[in-house]
Amino acid sequence: MSIFSAPVFDATVIYNGQELFKGQGAARGWAEKVAKELETEITVEKIGTGWALRGTVDGVDATWGIYGQRLARIEAS
């Protein structure tokens, strides 16, 4: 099962229409899981009032937030 199909039960916040992790610690925990899954470095970044995951996949910068209790790529604000 892919980490991207696992439910995210951590607290979230909405910022500019994007659902993000409420806490840095929760975001870091998911960043570690995604990094292992994708075999690349994933960091966390504060966006407004929440935290998102950031990394480069296949040479393209990617930002992940939450959509429907799943990780999903979002447009960074």
Practice task
Tell me, with the steps shown, if R73 and V57 meet side chain to side chain contact (heavy atoms under 4.5 Å, CB included).
Solution key: CA-CA 11 Å; R73 281 191 184 192; V57 180; 3.6 Å; yes
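Atom-to-atom distance recorded for E19:CD and L71:CG is 10.5 Å, nearest 0.5 angstrom. How far CG of N16 is from CD of E75: 12.5 Å, rounded to the nearest 0.5 Å. Expressed to the nearest 0.5 Å, how far CD of E32 lies from CG of L53 amounts to 11.0 Å. Within the model, atoms CD1 of I47 and CD1 of I74 stand 5.0 Å from one another, a figure rounded to the nearest 0.5 Å.
A 6.0 Å sphere centred on NZ of K46 holds more than 12 heavy atoms belonging to other residues, nucleotides or ligands.
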Show me the donor-acceptor pairs within less than 3.5 Å that the side chains of residues 20-28 make with the rest of the protein, sequence neighbours left out.
none

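In plain terms, the two heavy atoms of Y67 and A72 that are nearest each other are CB-CB, 3.7 Å. The two residues T43 and A31 come nearest to each other via the heavy atoms O-CB, 4.4 Å.
Under the side-chain hydrogen bond (donor to acceptor under 3.5 Å, both in side chains) criterion, T56 pairs with D61, sequence neighbours left out.
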